[in-house]
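Down below is the structure, laid out as structure tokens.
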2 protein chains.
Amino acid sequence: MQDKRIALEAGLIRVGDLARATGKSVRAIHLYEELGLLQPTTRSAGGFRLYERRAIERVRWIDLLHGLGFSLQEMREVLLRWWNAELGTEAMADLRRLFARKLDETRAAITRHQQLERELIEGLDYLAACRDCDQTSGTATCVHCTRDHGVALEPALVSGIKQAGLVTHPSRAPFVRVEDLTH
Amino acid sequence: MQDKRIALEAGLIRVGDLARATGKSVRAIHLYEELGLLQPTTRSAGGFRLYERRAIERVRWIDLLHGLGFSLQEMREVLLRWWNAELGTEAMADLRRLFARKLDETRAAITRHQQLERELIEGLDYLAACRDCDQTSGTATCVHCTRDHGVALEPALVSGIKQAGLVTHPSRAPFVRVEDLTH
DNA sequence: TCCTACCCTCACGTACGCGTCAGGTTACAC
DNA sequence: GTGTAACCTGACGCGTACGTGAGGGTAGGA
């Protein structure tokens, strides 16, 4: 019944505190524990999880790796490899390789997003010309728009939209014979 | 039995061709159809889906939006809104808003990845000092390493690892009383 | 002592984007 | 006619990272 006092003396926090400190949900922290990523330093007499403040760093680490595209399982493997390494120097070399690979991937991701950025800008440039368009009907006529949009080619972001093949009610496809179509 | 000839004359391709042309799986294309994102122009007498070559653009569009973080459902909503718009000009304005928002998000994503890039570089810088470390035991001693790593603070990517709380066999947590700890 | 917020352990549910059979049909070349 | 690759429609499975109860105990202050 003196748990909090004892816990406070020892600098321990409960799962809710950890959650608030990291922006995660309590459930998420439970999950990390189930997957072997994080463990409470101890438990209260009644079974409450009690963590040291350093646990916050671990959760932030999880968050970082998550941002780098690691799955929780992969993080677990990283931890296992590190702690089970024969030599510290090898464990560190292992980490360096890992980080180097992720650095490549991250840079590739940046490049990809920059390409998307360009696509968006192109799309916006193209659409800018639509602002002073005097057309007063639906979008069906936009499909065959011949206005000059100041862009050499219609951007993919726009041209992909201008096609039939939109099903109002998903799921079942219609069934038309070829013969009925080819004149 | 003259389907292919007819299809070829009409410039139609089958689902496998579309898949190869876009790098998607046939199943994926079926899914897009189920979700109302794409429809074959027609069907062969035997029920084979037949697409115009323009369908390739639509699939590429799907891929683009996917890269921008849209879910297939959201893409469907975009298409529905566009095709159901009263005025073409309004539909275009709608698109502009959408693209502008995504442009912000994409730039935010780039910034985030650049921060991660910096974290990785810091981590690698820190670990570089470990290459000529003469330590010959396991990683447990690394936890208290006092070497100069040329970095002011231990990077989060590294410090998050150096903590207990690793469960060799996941799932069940141990059960220790507080009293047993705080002597 | 009692109230209330917080915590506990199951355990099932969810959204996404397909993968993967199964059981059968079609297209087309030889 | 026949072989075979490609296609068809269900329909269930999967991995990820949690959300969401249910049913019940705990902590700590008034």
Side-chain angles (χ1 to χ4, degrees), chain A residues 1-8 12-20 22-38 40 42-51 59 62-63 65-77 170-175 177-179, chain B residues 1-8 12-38 40 42-51 59 62-63 65-67 69-77 170-175 177-179:
Chain A
M1 324 302 176
Q2 304 279 331
D3 279 358
K4 188 159 193 179
R5 203 164 311 163
I6 297 176
L8 282 177
L12 299 176
I13 59 178
R14 303 201 304 200
V15 69
D17 304 322
L18 182 55
R20 252 161 284 147
T22 59
K24 297 287 177 183
S25 69
V26 170
R27 174 67 180 108
I29 294 178
H30 285 171
L31 180 66
Y32 301 157
E33 182 175 341
E34 283 171 31
L35 296 180
L37 290 177
L38 176 66
T42 183
R43 297 264 192 153
S44 75
F48 283 26
R49 290 168 177 81
L50 297 175
Y51 303 86
V59 177
I62 293 172
D63 215 36
L65 291 210
H66 187 200
L68 290 169
F70 284 82
S71 73
L72 298 181
Q73 290 295 343
E74 288 171 325
M75 298 182 204
R76 173 172 165 67
E77 286 161 27
S171 75
R172 306 300 310 182
F175 215 95
R177 303 298 168 119
V178 203
E179 296 87 337
Chain B
M1 327 303 177
Q2 305 278 332
D3 278 357
K4 189 161 193 179
R5 204 163 311 164
I6 297 177
L8 282 176
L12 299 176
I13 60 178
R14 303 201 304 201
V15 68
D17 304 323
L18 181 55
R20 252 160 285 145
T22 58
K24 296 288 177 183
S25 69
V26 170
R27 175 67 180 109
I29 294 177
H30 285 171
L31 180 67
Y32 300 156
E33 182 176 341
E34 282 171 32
L35 296 181
L37 289 177
L38 175 66
T42 182
R43 295 268 191 149
S44 76
F48 282 25
R49 289 168 177 82
L50 296 174
Y51 303 86
V59 177
I62 293 171
D63 216 35
L65 291 210
H66 187 197
F70 284 83
S71 73
L72 298 180
Q73 290 295 342
E74 287 171 327
M75 298 181 202
R76 174 172 165 68
E77 285 161 28
S171 75
R172 305 300 310 185
F175 214 95
R177 302 298 168 117
V178 202
E179 296 87 338

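Numbered from 1 within each chain, the chains take letters A, B, ... in sequence-line order.
Residues passing the side-chain contact (heavy atoms from CB on, under 4.5 Å) test with D63(A) are K24(A), sequence neighbours excluded. Take E74(A) and apply the side-chain contact (heavy atoms from CB on, under 4.5 Å) test, not counting sequence neighbours, and it matches F70(A), S71(A). Partners of R20(A) under the side-chain contact (heavy atoms from CB on, under 4.5 Å) rule, at least two apart in sequence or in another chain, are D17(A).
Distance, L50(A) CG to dA27(D) P: 9 Å, rounded to whole Å. As a whole-Å value, the separation of E34(A) CD from dT9(C) P is 9 Å. Counting to the nearest Å, the P atom of dA6(D) and the CD1 atom of I29(B) are 15 Å from each other. We find that CZ of R43(A) is positioned 13 Å from C1' of dG25(D), with the value rounded to whole Å.
Close to dC7(D), at under 4.0 Å from its OP1 or OP2, lies no side-chain N or O of S44(B).
Side chains of R14(A) and R49(A) form no contact here, defined as non-hydrogen atoms less than 4.5 Å apart. Within the 4.5 Å cutoff, the side chain of H30(A) has heavy atoms near those of the V26(A) side chain.
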side-chain contact (heavy atoms from CB on, under 4.5 Å) assessment of I62(B) paired with T22(B): CA-CA 10 Å; I62(B) 293 171; T22(B) 58; over 6 Å; no
Y32(B) vs L72(B), side-chain contact (heavy atoms from CB on, under 4.5 Å): CA-CA, chis, key distance, verdict: CA-CA 8 Å; Y32(B) 300 156; L72(B) 298 180; 3.9 Å; yes
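Minimum heavy-atom separation, A19(A) to S25(A): CB-C, 4.2 Å.
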All N/O pairs under 3.5 Å across the protein-nucleotides 13-17 of chain C interface:
residue	atom	partner	partner atom	Å
dG17(C)	OP2	L72(B)	N	3.2

N/O to N/O distances under 3.5 Å, protein versus nucleotides 1-7 of chain C:
residue	atom	partner	partner atom	Å
dC7(C)	OP1	G16(A)	N	2.8

